[in-house]
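Worksheet for the structure shown next.
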Amino acid sequence: MNPMAESITEALPLAADAPRYNFRAAEPRWQRAWAERSCFRVADVPTDGRPKYYVLEMFPYPSGKIHMGHVRNYTLGDVVARYKRARGYAVMHPMGWDAFGLPAENAARERGIHPAKWTRENIATMRAELQRMGLSLEWEREFATCDPEYYGHQQKLFLDFLRAGLVERKESWVNWDPVDGTVLANEQVIDGRGWRSGALVEKKQLNQWFLKITDYAQELLDALDTLDRWPERVRLMQAKWIGRSEGARLDFGLEQPVDGIGQVEVYTTRPDTLFGMSFLALAPEHPLSAAVAANDPKAAAFIAECRRLGTSEAVIETAEKQGYDTGLRVGHPFLKDTTFPVWIANFVLMEYGTGAIFGCPAHDQRDIDFARKYGLSVVPVVLPPGADPATFNVGTEAYVGPGTIFNSGFLDGLDVPAAKRAVIAELERLGVGHGEVNWRLRDWGVSRQRYWGSPIPVIHCDSCGVVPVPDDQLPVKLPDDVTFDRPGNPLDHHPTWKHVACPRCGAPARRETDTFDTFVDSSWYFARFCSPLADVPVRREATDHWMPVDQYIGGIEHAILHLLYSRFFTRAMKQTGHLDVDEPFAGLFTQGMVTHESYRSAPGVNGTWLYPEEVEKQPDGTATHRTTGEPVTIGRVEAMSKSKRNTVDPEAIIARYGADTARWFILSDNPPERDMEWTEAGVAGAFRFTQRVYRLAEGVGEAGPARPVDFGEAARALRRTTHRTIAAVSEALDSFAFNVAVARLYELANASADAERRDDTGGLGLARREAVEMLARLVSPMMPHLAEEMYARLYPQATHLVAELPWPQAEPELLAADSVTIAVQVMGKLRATISVPPDAPADTVIAAAETEANVARLLAGKRVVKRIHVPNRIVNFVIAG
RNA sequence: GCCCGCCUGGCGGAAUGGUAGACGCAGCGGACUUAAAAUCCGCAGCCGUGAUGGCAUGGGGGUUCGACUCCCCCGGCGGGCACCA
């Protein structure tokens, strides 16, 4: 299976006599030491007075093995956790498993493994892998969302939400796979067909449970402004997703009522263009469309055609605008003697606004496309600045810019915003409409027709209706004895599970067999971590102390759904008294992906994909197959994916180079928010650095008795480098600039190595010992095992671990230099550098600069009109001419 | 189409408006070695006679004593959203 397995024990070549850091022995030893000393334990409700810091990485789905994306995510989080701990914070850094979901059911269907067994085995494997990474996790808080204790509390939250009016059961249009007998998410509909079954997907109305996230739409939007430690683009994406729009809702009266329907309600953001109306269009699912279709087979056929196309985005994108003229006509609120045709149009969405629009082709691109196709009238009513009202016309492109209203009765002469206000006022006065805010955000449908999820804790009774499961009967546990031998929901097929007595009247009733969307599970796990053993969903004292998460870290792919759902859930939990915070994540960091070159076994795109381990790179930049020797095409560098086989197994890397090397490389390559390229050469370089740093520790002398030393020039220089590195690394870690921290540590290592080659005079040996100790401690958030190993060498009698040490402090007097180099410019171009004492007065510095031969030459005979002096940095002479 | 981001050596990247290219990877030269690896030392943006010479941060303009950094225009790349009325 894994081509790299054979090479796991093969070590990088090293000289036999080279001192060697044996990570295979050291890493497990220090992992045990941290665990035995409970270095990473904190209390649910601490009393030690340290400030709290909650570091959380998005918990993994137990898919089988960890991948490089996990390694990057958890390494980033671990650096923050270890650094903040050293900085004096009580750090909570938990880990758990997002354990429900479809892959487990697929495994059951395809391989006959029970989803619970499959999931538990994957968790065991992946937990061991994470532990080998040396992460400073508090494993005592671990849970999986498939634990009945967890989802039972989730069911309790749902019932509390239900009682608080935050839950609704309603009919909604869904993508229905008639073969699998299940609802599909939009992403699971490919070219109108189910992604698994290949069956044509139908649009179907189904009773679904909804969480009323739209109740919080305004708040979720407004509070984005308070999330100043979130990436701007995530906030923008959420704002767009919530999609607030301001407009008007108004009624259009039908000339002839149809099936009792006398008017059509329309939502518009452009009430100012009402006089430019030329048609009204209904969504195919609109009740009036259905009423028309009842007596008009052609209309029915048109609607059926629209429905067949489904709701998938890909289909909507490519579909041409199509309409059907119903023959009906509507009046206009302001144009008393005019009527307009009513169409059914495929581009009108039932889910947004009222499912009906008025068409103003001159000022809306979709409407003009539609009007030009079907020969409908086009009346411009917004005159662009400078245009001539007598000749201004609209061709195939709608005018959507600002301007002055014309052709519009009482609105003529107003600008667009004023006209909007005037129309709304008039509609309200006439009682046919009003101003309204509309949202793109929809309520959150949480029902899934699946087994491997949390049961939704309600019971359906023929006489009592929907009855919540009483709190004392929670959790509603999943039955173990289920079969996956036929399509549909195994809970529904189960012979006994769903048959229960109604808790209210005792009559035979049925359990809800839908389970929760797994996004529900991940919407509050961060709160549960604060008190993972509590017999309530969350213990208030614990969440009051630990929430919000101070630093949340994960992939940008969760920018909208998971983060928005969690923000909503936090508010809902606050409303129901479970929490007392508004926002779950005070700080958010979104990491880039891990990428790798891809390889194909033959030229062009015809070859099969090859794993990196199957490929041998040649010195000339080409590549061949490791066993067959045939040429290999090197493809693009792209995100690691199983389908492209451009993956590298973290387990193999850790086995071959050690966890610290993997961690170091993944941090050093580039800034963490960008995509990084995983390369063999890069890992090897990181490995060499671990060895080099360790040798430095072996090369320093014993810790002598503390004594005042009159440091010589070289020792003073090294000490300044050491202390500047402390300051620089601290600053870099504070700002997530881990690649810069790495660079500064290379410099310190280089400086220590330089010192090693010089005579130990003037206290250089002591300065070197200090440099190496600080190197160990500064490197510890990133390479914790190596740091412990080095420290143990430096202090064989030490009674504490680096993981328990406070962060080193730079000595301020060592941050100041003996002298500074000043750049001397003439007319902004560098002409010389001079060395002067720090903070030398301006006239001294300028005088010194002027005497530099090269500067004097350029200034000779010229009139200097300005002398710029920036202390400790630069002198610039501006000459006339 | 709309929105956002990015563009610096062969590569990843560094740089409070103040000496552009730190640090690493790859490369080249040398030491050590029978040899290779490893290790160590050194070189290294481009042009150029070895000048503290010139040109250089996608292209063009601007602000400034001074611009990778701020502003405007253009180009390229990447990402997100999208019949949202």
Side-chain angles (χ1 to χ4, degrees), chain A residues 12-18 20 231-234 236-237 239-241 243 245 247 266-271 273 281 283 313 316-317 319-321 345-349 351-360 364-367 369-370 438-442 556-557 559-560 619 621 665 668-671 673-677 679-686 688-689 691-692 695 728 737 739-747 749-750 753 756-757 821-833 852-855 857-858 865-879:
Chain A
L12 274 196
L14 277 176
D17 59 342
R20 186 180 173 121
E232 181 63 22
R233 65 173 173 148
V234 174
L236 271 165
M237 283 163 73
K240 270 196 94 155
W241 185 267
S245 68
V266 157
Y267 177 75
T268 178
T269 56
R270 293 300 301 272
T273 63
E313 283 166 18
I316 289 168
E317 259 175 65
E320 197 184 337
K321 288 184 181 53
N346 66 339
F347 69 93
V348 181
L349 305 175
E351 300 82 28
Y352 189 80
T354 61
I357 62 158
F358 85 81
C360 174
D364 184 287
Q365 191 56 45
R366 293 155 301 178
D367 295 350
D369 294 344
F370 192 72
N438 227 306
W439 303 92
R440 207 191 83 101
L441 184 67
R442 305 263 71 91
I556 187 71
E557 67 273 19
I560 296 177
F665 173 57
S668 64
D669 190 54
N670 67 349
E673 68 276 13
R674 297 194 207 166
D675 290 352
M676 74 163 293
E677 186 186 352
T679 60
E680 270 297 304
V683 188
R688 286 197 299 270
F689 183 69
Q691 298 294 337
R692 207 174 132 224
R695 282 196 300 274
N739 56 322
V740 180
V742 165
R744 295 290 95 85
L745 287 164
Y746 267 103
E747 286 172 347
N750 291 344
E756 208 167 34
R757 292 195 300 274
T821 304
I822 304 271
V824 183
Q825 298 180 338
V826 177
M827 294 298 282
K829 282 193 188 301
L830 182 72
R831 298 300 179 186
T833 56
E852 279 291 309
N854 197 42
V855 176
R857 181 173 62 79
L858 286 159
V865 295
K866 209 167 179 182
R867 293 171 178 82
I868 314 277
H869 171 246
V870 181
N872 299 330
R873 286 207 178 268
I874 205 160
V875 170
N876 189 11
F877 296 100
V878 185
I879 54 182

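Chain letters run A, B, ... following the sequence lines, proteins first, then strands; residues in each count from 1. FYI, side chains are in, hydrogens and waters are out, and symmetry mates aren't considered; it's all heavy atoms of this structure.
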NA contact type, A/Thr268, heavy-atom cut-off 4.0 Å: base, sugar-phosphate, or nothing? sugar-phosphate
When the P atoms of B/G21 and B/C68 are compared, how many Å lie between them, rounded to an integer? 12 Å
A/Met827 CE to B/G18 P, straight-line distance once rounded to whole Å: 20 Å
Say you pick atom P in B/C23 and the same atom in B/G30; how far apart are they, in whole Å? 24 Å
Would you measure the distance from the P atom in B/G5 across to the matching atom in B/G50 and give it in whole Å? 46 Å
Any sub-3.5 Å donor-acceptor pair from A/Asn872's side-chain atoms to A/Ile822's backbone N or O? no
Euclidean distance for C1', B/C41 against B/C47 (whole angstrom): 29 Å
Nucleotide of B/A82, B/A22, B/G53 approaching A/Asn854 most closely (side-chain heavy atoms): B/G53
Proximity to the side chain of A/Ile874 - top-ranked nucleotide from B/A85, B/A22, B/U19: B/U19
Separation between the C1' atoms of B/U49 and B/A36, rounded to whole Å: 40 Å
Respond yes when some side-chain nitrogen or oxygen of A/Lys240 is under 4.0 Å from OP1 or OP2 of B/C81, and no when none is. no
Pairing partner of B/C43 (Watson-Crick or G-U wobble, both distances under 3.5 Å): B/G27
Classify the side chain of A/Lys321 and the base of B/C83 as holding, or not holding, a donor-acceptor pair under 3.5 Å. yes
I'd like the P distance from B/A20 over to B/U57, given in whole Å. 12 Å
A/Phe347 side chain: which of B/U52, B/C83, B/A85 is closest? B/C83
For B/G9, is chi within 90° of 0 (syn) or not (anti)? syn
What nucleotide, of B/C40, B/C23, B/A15, holds the atom closest to the side chain of A/Arg695? B/C40
Just name whichever nucleotide pairs with B/A15, Watson-Crick or G-U, keeping both distances under 3.5 Å, else none. none
Using a 4.0 Å heavy-atom cut-off, does A/Arg867 contact any base of the nucleic acid, only the sugar-phosphate backbone, or nothing at all? nothing
Interatomic distance at C1', B/U16 relative to B/A67, whole Å: 14 Å
Testing the 3.5 Å rule here: is there a donor-acceptor pair between the side chains of A/Tyr746 and A/Ser668? no
In the structure shown, which nucleotide is the Watson-Crick or G-U wobble counterpart of B/C84, with both distances under 3.5 Å? none
Both conditions, 6.0 Å and 45 degrees, for the charged tip of A/Lys321 above the ring of A/Phe370: are they met here? no
NA contact type, A/Val348, heavy-atom cut-off 4.0 Å: base, sugar-phosphate, or nothing? base
Could you tell me how far apart A/Arg744 (CZ) and B/A22 (P) are, to the nearest whole angstrom? 11 Å
Separation of B/C83 C1' from A/Asp364 CG (nearest whole Å): 9 Å
Name the pairing partner of B/G21, where a pair is Watson-Crick or G-U wobble with both distances under 3.5 Å, or state none. none
Do A/Asn876 and A/His869 pass the side chain to side chain contact (heavy atoms under 4.5 Å, CB included) test, and can you show the C-alpha distance, the side-chain angles, and the key distance before you say yes or no? CA-CA 7 Å; A/Asn876 189 11; A/His869 171 246; over 6 Å; no
Choose from B/G13, B/G18, B/A22 the nucleotide whose nearest atom is closest to any side-chain atom of A/Pro671. B/G13
B/G13, B/A22, B/G18: which one has an atom nearest the side-chain heavy atoms of A/Ala743? B/A22
Pick the closest RNA chain B nucleotide for A/Lys829 and for A/Ser245 by heavy atoms, then say which residue is nearer the 5' end. A/Lys829
Would you name the heavy atoms of A/Phe665 and A/Ala686 that are closest together and state the gap between them? CB-CB, 3.8 Å
Closest to the A/Thr269 side chain: B/A85, B/A14, B/G12? B/A85
Hey, does A/Tyr746 reach any base, or is it just sugar-phosphate, or nothing, if we go heavy atoms under 4.0 Å? sugar-phosphate
Closest to the A/Met237 side chain, choosing from B/C65, B/G80, B/C4: B/G80
Between A/Arg692 and A/Asn750, is any side-chain donor less than 3.5 angstrom from a side-chain acceptor? yes
Report the distance from atom CZ of A/Phe347 to atom CG of A/Asp369, rounding to the nearest 0.5 Å. 8.5 Å
Rounding to an integer number of Å, can you tell me how far A/Asn346 CG sits from B/A85 P? 17 Å
Expected output: side-chain A/Tyr267 to main-chain A/Gly247 donor-acceptor under 3.5 Å: yes
Has A/Asn739 got a side-chain N or O lying under 4.0 Å from the OP1 or OP2 atom of B/G13? no
Between atom CE of A/Met676 and atom CG of A/Asn670, what is the distance when rounded to the nearest 0.5 Å? 6.0 Å
Nearest nucleotide by nearest heavy atom, which residue falls closer to the 5' end of RNA chain B, A/Glu747 or A/Gly355? A/Glu747
Rounded to whole angstroms, how far apart are CG on A/Asn876 and C1' on B/G17? 13 Å
Should A/Arg873 be listed as having a side-chain N or O under 4.0 Å from OP1 or OP2 of B/G17? no
G-U wobble or Watson-Crick pairing nucleotide for B/G9 (cut-off 3.5 Å, both distances): none
Any side-chain N or O of A/Asn750 below 4.0 angstrom from OP1/OP2 of B/G24? yes
Show, in sequence, the C-alpha distance, side-chain angles and deciding distance for A/Arg440 and A/Trp241, and conclude whether the side chain to side chain contact (heavy atoms under 4.5 Å, CB included) test is met. CA-CA 7 Å; A/Arg440 207 191 83 101; A/Trp241 185 267; 2.8 Å; yes
Would you please confirm or rule out a distance under 4.0 Å between OP1 or OP2 of B/G13 and any side-chain N or O of A/Arg674? yes
Mind checking the P distance from B/A14 to B/U8? Whole angstroms is fine. 11 Å
Within this structure, what is the CZ-to-C1' distance between A/Arg831 and B/C65, rounded to whole angstrom? 14 Å
OP1 or OP2 of B/G53 sitting under 4.0 Å from any side-chain N/O of A/Arg857? yes
A/Asp675 CG to B/G12 P, straight-line distance once rounded to whole Å: 13 Å
Protein-nucleotide distance (A/Gln825, atom CD; B/U19, atom P), rounded to Å: 8 Å
Return the nearest nucleotide to the side chain of A/Arg366; candidates are B/A82, B/A85, B/C23. B/A85
Look through every strand shown and name the nucleotide pairing with B/G48 as Watson-Crick or G-U wobble, where both distances are under 3.5 Å. none
Which part of the nucleic acid, if any, lies within contact of A/Thr679, taking any heavy atom under 4.0 Å across all strands shown: a base, the sugar-phosphate backbone alone, or nothing? nothing
In terms of side-chain heavy atoms of A/Arg688, which of B/U39, B/G18, B/C83 is nearest? B/U39
Categorize A/Ala681 for me: base, sugar-phosphate, or nothing, with a 4.0 angstrom heavy-atom threshold over every strand shown. sugar-phosphate
